[in-house]
Structure formats: C-alpha cells, structure tokens
Amino acid sequence: MESIIRTEKLTHVYSRGTPFEKTAIHDVNVEIYRGELVAVIGHTGSGKSTFMQHLNGLLRPDEGGVYVEGEDIFATKEATRDVRFKVGLVFQYPEYQLFEETVYKDIAFGPRNMRLSEAEIDERVRESARLTGVGEELFERSPLELSGGQKRRVAIAGVMAMRPRVLILDEPTAGLDPAGCAGVLKNITDYREATGSTVLLVTHSMDDAARIADRLIVFHEGTIAMDGMPEEVFSRQRELVDMGLDVPQSAAIADALRARGVQLPSSIYTSRRLREAVVALAKGVAPC
Amino acid sequence: MLKDVTIGQYFPGNTIIHRLDPRTKLILVIVYIAALFTAREWLSYGLMLAVTCAIVAVSRISPRTLTRGMKPLVFIICFTGVLNLFYTTGGTTLLDWWIFHVTTDGVKRAVMMVVRILMLISGTFLLTYTTSPMALTDGLEMLLNPLKKIRVPIHEMSMMMSMALRFIPTLIEETDKIMSAQRARGADFETGRLMERAKALLPLLVPLFVSAFRRADELAVAMESRCYHGGEGRTRMKQLRMARRDYLALFSGAALLAVVIVMNVYGL
C-alpha cells in the first residue's frame, strides 16, 4: 500500500521552559496509507488531538517531522500552507467556527481561500452539502440559527468542500444523540466512498471505531500504545481497560457470554457480528 | 504566541510570599511604590534594590520569568532612559555635540529612572505572580469595604473584575482554537495589507463574540440558579485571616518606608 502520511520521532512539548511544561506527545512514528479509515483512540490528555494538529501543520513539532506524500510539510512556509488543503481537519465541536451570514458562504470559505473559480466553488459547495445531508433550502439561512446537528453537518461540509486527500475529524460525534451520531458517521463513510480519500477519526467511542474503522491506533500518555486491525486491538481488553479505555459493548457482551461457557468465535466487536454469532449458535442448538 | 503572555499570570507556589494575606500584599505594594518614589540617592536606591532582590529570592520566582514579563515594556524603559540622559541639565558636561548634551547629572538621572521603573515592574509583577486572581479580588474588595458606606458598589465591581480575570484564559484558549480551526480552512491571519488583515479577523471575531455572549448567558443562569443576589449577607468559602507573618510583613514594610524617608531627609 502507498503511504500518504508519515511521522518521524514526532515530539511536542507545551509551555517549554515554564513551570507548566508538559510533554504532550513523545517520539511518535506512524505511517498512514492511502484510502485507509483509521480510528485514533485514547482518553482525554493522551495526546491524540495534539498529534492530529501536527498532521496539517497547525502545530510545529519540537522534534521530528511530518511527511505528507513524501514531502516535509515544515520545509517551507508555502508547504505548510499548502498542506492545509491536502489534509482537512475538522475540530472538536466545529459548529463554533461558523461565522458567515449564510450557510452557503460558510461552506464556500475554504474553497474560496484556495482561490478556485466561482463555478468550481459552487460545484464543491453543492457536492459536500449533498454528502453531509445539508439541504439546499438551508443555503440562504444564517448558520447560527440552525439546530445543533445541522450546524455540525454544515461545519463538516465546510472542510469537505476543500476536497482534502486526507480528512481528519476530531470527535465528530461528541454531544450528538444516537441518530445524529449515526448520521455523521454515515456522512464520513459516504465522503470516503465518493472521493476515495483517507480518513482519520479521533474518538473515544469504541463503538464508533468498531463500526467504521479498518485500523485502530491507540494513544496512551503521549505515545502509540497499540496499532492494528480492530480485532487485534479489541482482543487486548485487559490492557485497554488498564489505560482507562473500554471495548465496544458487543465485545464486552461476547466476552461475558464466553465467560459463562457459551461457545462464541473470537473477534466479535460489532453488534451485527454478535447477532449473527448468537443466531448461528441458536440454530445449531435449535431443538432445545 | 498567545499562550506566552505572562503579564498578570499566577505561578502557584508555597513560599511565605505566596502565603501572605492578599490584603497584606496589596498594602505592601503601595508602601513599596511610595518608598521607591521617596528614594532619591544612591544609598537609598541600593537599599530598595537589595530589598527587591531579597523578595524575588524568597518568592522563588525565577528571574527569567520576571525578565520575560518585562519584554513588552523594553521600549518604554529605553525611551525614558534616553529622554532623561539628554534632557537633564546640571553637573559637569561629558559630551557636547550638535544637539546632544550629556551631563553627569543626566547619566545619574537616566540610570536611576531605569532602575526605578524596573523595580516598580518587578514589585507589581511579584504581586500577581504570587497571588491568585481570586485572592487578589477578594483582598481588594475587603480593603475597599469602607467605601460601601458612601454607596460605591464595591462588591459588584470586584465580582466583575474576578469574572473578567477568570475568563481571560478561557477566551485566550477559545481564540487559539477558533484561529486553528479557521487556519485549517485556509484562513490567513499573518500576511496581507492592513485592510486585508482586518477583514481576515472577521472569521475569528464573529465566533468569539458569539461564544462570549453564550458563556455570559450561561454564567448568569448558573449564578442565579445558585441564588446569587449580590453581596448582601454573602459568606465566603475562603475566609481571609491575618496571621502573625502578615503583621510582621506590614511592620517591615512600614520600617522600610520610614528608613527611606529618613535617608531622603539626610540626602543619602
């Protein structure tokens, strides 16, 4: 597989040289491949958000480097600016960054900063609005008078409209109800399918990660503690719990059933797999 | 960048300076400033400098932190120094060239002025570095309490002050966050001409104001739902109490001022 982002010995220290000095991330080496959907997991303060902000050049590392498509993003000022359009970052609670008079203008802010033609901007705004389920009837409304879920979608559309090759989302489902969560996750997978881009999803919801990710990276105390396929990571339940994380509910239920002697296959971490396994089991022992 | 602002910041610690009652510290700063302006000659300046250094040493605030806080004031300090150097007459002339006249008195005045400003800043910085904003406003409110008799809304003023102080870090953090978010969408805050730059601030200011108003609203509701109705009959969680060290400190302050006044009278 082709690598799209690579970090080398990435280290970041906040407030260096004051009594508040704190090492946020330390010696992080990771490689992200084109087209992957990676979930980055870790509890509050594990350094995952700091890590993400390095990937599009918003934070400068104290040591080490970040390479996007093989290029050092901190080599020149232009490279650092260009990478913002290659790697789109949706911050936590992105609805607080909406500022334009209308929804349309707000989504167009990113593409406009890329100095695209009006026709191109229009096409991108409509496309990303469609992908996030923002109806065109909202285009002329003020973004500040929408509902919370709608604002979130508009904000995400604003980043998608730049058509970044890598889309990073920091806790995109935080504070949404289950329907809102499912909606946003679907927007993300739809975007990925439509554009073939790479997606990094920062989350502390194991269920979200289990539902859509191909690969999991677990941050703990500023370093990468685990990196692998969901089934590999979720099979290390004990370690996850020790880090203050948990496993998806389905994995926990499967584990509890196994402990009571129910014969279930390993690597169950989504509700669908669990249901299938239980149904198969029930059919197998049907005549009871 | 924004996070490096140290003016008015509080550095927690547990030295005797940190533990002094905020009222004591406020009074001592006033006494210190009075003494500083009374000092006129080398000897009294030396005494003040020694006292300042001693307090810095006891408070365990690193001199580097102190000098870093002074950085924004370098221009004013230099400006004052240069002005005093050239515009003081008297004493023997050291340099007389074109419009520049430097005299021995000028050099003395310039050095003293610069040292005075530096000590002034150090003293006030030490107050904010070693006292938490909450303690400071509490102390100020209690010191100004007598003014309530003539209907000055002291409690309201100190409440506003503590809220403003409380929200400075929050707003700085918020500004940082919104700036990063807009930068991620390609906003450019650093380059361009004045008008372009002013326009570029819009994506920052609109969300910042929206969230500041939201916060103010939430805070008001939170305060009302906890039955806040002004200072009347309100009790405190942290009672301020003067300890022996406070009286000792106040006495030392008074003694310092007295000594400096005597030195001034004798022209030392």
Side-chain angles (χ1 to χ4, degrees), chain A residues 14-20 49-50 52-53 55-60 77 80-101 105-116 142-145 151 155-162 164 167-170, chain B residues 1-6 9-15 18 59-69 129-130 169-192 196 199-215 218:
Chain A
Y14 283 118
S15 311
R16 180 163 267 186
T18 73
F20 304 108
S49 290
T50 307
M52 292 313 209
Q53 290 184 49
L55 301 186
N56 77 340
L58 282 176
L59 286 180
R60 267 182 176 276
K77 256 192 165 166
T80 312
R81 198 170 141 75
D82 285 347
V83 81
R84 307 252 160 93
F85 303 123
K86 276 191 209 161
V87 180
L89 180 58
V90 179
F91 273 82
Q92 212 169 1
Y93 298 106
E95 53 271 30
Y96 293 136
Q97 51 177 276
L98 301 173
F99 71 99
E100 277 284 13
E101 298 152 59
K105 279 191 186 169
D106 208 290
I107 300 178
F109 180 68
R112 188 148 285 147
N113 284 328
M114 297 169 80
R115 309 196 191 289
L116 300 170
S142 159
L144 302 179
E145 59 189 32
K151 279 187 194 170
I156 294 176
V159 175
M160 285 182 178
M162 302 193 300
L167 180 66
I168 305 179
L169 302 104
D170 193 352
Chain B
M1 26 159 248
L2 283 173
K3 278 180 187 138
D4 297 333
V5 178
T6 56
Q9 203 179 2
Y10 167 55
F11 294 98
N14 196 25
T15 67
H18 283 86
S59 72
R60 299 237 181 98
I61 297 288
S62 79
R64 251 183 61 211
T65 314
L66 215 52
T67 47
R68 203 171 42 204
Y129 281 169
T130 61
T170 314
L171 285 179
I172 287 179
E173 202 178 298
E174 189 106 356
T175 311
D176 238 20
K177 239 196 236 157
I178 298 171
M179 256 175 137
S180 301
Q182 306 298 28
R183 272 211 192 103
R185 295 209 281 165
D188 184 2
F189 296 107
E190 280 106 18
T191 54
E196 285 168 18
K199 256 174 103 176
L201 281 182
L202 211 63
L204 172 65
L205 291 180
V206 173
L208 197 59
F209 271 97
V210 169
S211 85
F213 281 117
R214 187 175 43 86
R215 268 181 214 289
E218 278 168 8

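Atom set for the values below is all heavy atoms of this structure, side chains included, hydrogens, waters and symmetry mates excluded. Here is the naming used below: chain letters follow the sequence lines, and residue numbers restart at 1 for every chain.
- A distance of 10.0 Å separates CG in A:Leu58 from OG1 in A:Thr80, rounded to the nearest 0.5 Å.
- Heavy-atom distances place no part of A:Leu59 under 4.5 Å from chain B, backbone and side chain included.
- In this structure A:Ala108 satisfies the side-chain contact (heavy atoms from CB on, under 4.5 Å) test together with A:Arg112, A:Ile121, A:Val125, sequence neighbours excluded.
- For A:Met114, no part lies near chain B; criterion is any non-hydrogen pair under 4.5 Å.
- Scanning both residues, B:Tyr129 and B:Tyr10, for their nearest heavy atoms gives O-CD1, 3.4 Å.
- The number of heavy-atom neighbours closer than 6.0 Å to CZ of B:Phe209, taken from other residues, nucleotides and ligands shown, is 12 or below.
- In this structure, the separation between CG on A:Leu167 and CE on A:Met162 is 9.0 Å, given to the nearest 0.5 Å.
- Under the side-chain contact (heavy atoms from CB on, under 4.5 Å) criterion, B:Glu218 pairs with B:Arg214, not counting sequence neighbours.
- Partners of A:Lys105 under the salt bridge (Lys or Arg N to Asp or Glu O under 4.0 Å) rule, at least two apart in sequence or in another chain, are A:Glu101.
- Contacts between residues 88-96 of chain A and chain B, defined by a heavy-atom separation under 4.5 Å, are made by A:Leu89, A:Phe91, A:Tyr96.
- At a 4.5 Å heavy-atom cutoff, B:Ser211 makes no contact with chain A through either its backbone or its side chain.
- Across all their heavy atoms, A:Phe85 and A:Asn113 have their closest contact at CZ-O, 3.8 Å.
- Of the listed residues (B:Asp188, B:Leu202, B:Leu205, B:Leu208), the greatest number of heavy-atom pairs within a distance under 4.5 Å of chain A belongs to B:Asp188.
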